[in-house]
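Heavy atoms only: backbone and side chains are in, while hydrogens, waters and symmetry mates are out.
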Amino acid sequence: MFKELFRYGRAGRAGALQQMIDEAVMLLLPVAAAAVVLTWWTERHWSWGGLELIAGLLGVTGGYYLLPGARRRIQEWTVLAKREIRTRYLRGLFTPALVDDPALTSHQVIQRDLNGIARLDSFYGTFLPAICASGLVYAVLVVLAVAWHSWVALLPLLCMVLMGGGMMLLQKLSPTINRQYMQGFLKMGGRFLDDLGGMRTLVLFGAGERSAAAFAEDAEFFRGKTMALLKYQLQSLFVLNGVVFAGIGGSALLLAPAVTTGRLTLTQAGVLWLLLAQLLVFERRLGYFMHIIMSTRPALQNISRVISTGETAPAGPTDAATSAPITTVRFQDASFHYPDGQPLWAHVTLTLQPGRLIGLVGKNGSGKSTLAQILRGRLKITSGTVMFNDETATQLTPAEFTSHVAYLNDRPYLFSGTIGENIALGVPDQTGWWAQVQALGLCAFVEALPQGLATPVGENGRFLSPGQRQQIAFARLVLMAKDVYVFDEATANIDAENAQIMMTAMQRLSQTKIVLCITHEWQAIRLLDQINFLAQGRITTAGYSELAKDNPDFKRLLASQQGMEAAG
């Protein structure tokens, strides 16, 4: 996983190299200064070699900072890498294969993934340069230890083994702690966003106190997991600090006899000890940042999955056989079973073509929406075939389904902006689109608004009525010029006037496009040219009059809907 992070932001690696050099200089400067002081104190003369080293180090670092844009270049790898990862992540997020992914809800994307990208500063800006810098300093320590015949260069390796062993013991608890902490964080954030979005509903139904109590329970769970995470962090710091200070003390005990016997001068021993102390303190810092990076691992794994999906998904339908308009969709002896093997519907034979408004009718839970999801490529039938022209559904990619099939349910989303911006959201040519909308009889209410198409809709269209929101979503969908339009209970929660407008628009659209209207409302059913009635796992195809006369299940559905309407 971390190996993948190296391939991002390559243009900024020169700045990372400079940062590595800066880190190494900051480690070596105190050692060089100490060597000069110890030489003067023991031998009563200045160490010109040490002074020249100090001057050289300061000269290299200071000279670089005098160059234009030097400070900006040091952080360039971090900035470019995060920008590239964020861009690839968002591109993958909007691929058809991930549109309905349950692991990518809004609060999970915001709290887990985007926050994980923001925390990559620790990896690019601190961890990697620090590792390289400590490697350079360790190389200096090894060279001096070999030259002065000392075994002290082995101590950092021993300390690293001890640190790694201690951290590995703690890591056995870490995945559970990090996972529970993230679960609590996501659950609390998700409830907060839900409550914020449904605040008016909570007030209307007097459920505010109950919601507050549930949020307090989630907050307490998150507090407990936060304290567990802090405890783990303190334990990690205890291990790191214990090993570091033991290593520093052990190196002093190792070097003292060498000075006493004359194998090392005080200056040589001081330089080796300071180098090792600097290195161990730096290793402690690396261990801390390693913990931060490991806590971000769940987010990085999901980010990597989304990016990989985006990179492997085709940019659009390129197959010549599927790039042509779809004029016929056929279900041939198709069946769909639940995962436990229970059938939802079986042996369905159905043909969809332009020229008439085709309906799929049935009571709630009969499997209408499941069939719609199969048309969208979100689900697959258990047996039988589904043909798009002469291609089976299994041969189409998610991008190809998206390019040919349009879908509208009773919960469309409108973006904050104007009516015109929402209708023309996906229109590449911003001329002539309004005439297409008017030709279908949609959104005529706009003409009565003082600002017309420039009227703001508010957050998710809250300034508009449900029927107006549905008309805007309908018009937006039509302008995308798909081949197959699936309206899944699109008139279920709007008034009769707006429902009639939408049904009329469907009739007009069906003259040139395949239109499937999924509904159980009797007013909409009466306007369908062909009805495919789904009941008891079977489909019966006929006209309204024939079904109302001969099909008992259909008559019961109509009576139920008419009774509900009469009751208000």
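Listed for the Q470 side chain is a donor-acceptor partner under 3.5 Å among the backbone atoms of N409. Counting only distance, with no hydrogens or angles, the side chain of T87 and the backbone of R83 share a donor-acceptor pair below 3.5 Å. Looking only at distances, no side-chain donor or acceptor of D483 sits under 3.5 Å from a matching main-chain atom of T327. At distances below 3.5 Å, at least one donor-acceptor pair connects side-chain atoms of N422 with backbone N or O atoms of F415. A donor-acceptor pair under 3.5 Å is absent between the side-chain atoms of Y407 and the main chain of D488, judged by distance alone. The closest donor-acceptor contact from the side chain of W433 to the backbone of L479 lies at 3.5 Å or more, if one exists at all. Here the side chain of R376 pairs no donor or acceptor atom with the backbone of V405 at under 3.5 angstrom. In this structure a side-chain-to-backbone donor-acceptor pair under 3.5 Å is present from S403 to E400. With hydrogens and angles ignored, the 3.5 Å screen pairs a side-chain donor or acceptor of N389 with a backbone N or O of P325.
By the 4.0 Å N-to-carboxylate-O rule, R223 lies close enough to E220 to be salt-bridged with it.
Counting all heavy atoms, side chain and backbone alike, I374 lies closest to F401 at O-CE2, 4.2 Å. Here the shortest heavy-atom pairing between I518 and A372 reads CD1-CB, 3.5 Å. Shown here for G543 and I531, the closest heavy-atom pair between the two residues is C-CD1, 4.3 Å. Minimum interatomic distance between F474 and A505 (heavy atoms only, all atoms of both residues): CZ-CB, 3.8 Å. D550 approaches P552 most closely through the heavy-atom pair O-CD, 3.4 Å. Looking at every heavy atom in both residues, F388 comes nearest to A393 through CE1-CB, 4.0 Å.
Inter-residue side-chain proximity for V348 and N532 is flagged as unmet; no heavy-atom pair is nearer than 4.5 Å. Residues Y89 and I307 have side chains in contact (heavy-atom distance under 4.5 Å, counting atoms from C-beta outward). By the 4.5 Å heavy-atom criterion applied to side chains, F487 and M506 are counted as neighbours. Counting only heavy atoms from C-beta outward, the side chains of I539 and L360 approach each other to under 4.5 Å. Here the side chains of E489 and K368 are in contact, with some heavy-atom distance below 4.5 Å. For the pair S560 and H520, the minimum side-chain heavy-atom distance is 4.5 Å or more.
Here F221 pairs with nothing under the ring pair (Phe, Tyr, Trp, His ring centres under 6.0 Å) rule; sequence neighbours left out. Applying the side chain to side chain donor-acceptor pair (under 3.5 Å) test to T519 and every residue at least two apart in sequence or in another chain returns nothing. For R556, the salt bridge (charged side-chain N to carboxylate O under 4.0 Å, His left out) partners two or more places apart in sequence, or in a different chain, are D553.
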Donor-acceptor pairs are to be reported for all side-chain atoms of residues 434-450 against protein atoms at under 3.5 Å, with residues two or more places apart or in another chain.
residue	atom	partner	partner atom	Å
Q438	NE2	E447	OE2	3.1

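Within the structure, side chain to side chain donor-acceptor pair (under 3.5 Å) contacts touching residues 347-365 (residues at least two apart or in different chains) are T328-Q353, D333-H347, R356-Q530. Note on residues 503-515: pairs passing side chain to side chain donor-acceptor pair (under 3.5 Å), not counting sequence neighbours, are Q500-T504.
The environment of NZ in K555 is crowded: more than 12 heavy-atom neighbours from other residues, nucleotides or ligands sit within 6.0 Å.
Aromatic ring orientation, Y338 versus F336: perpendicular (interplanar angle above 60°, classes split at 30° and 60°).
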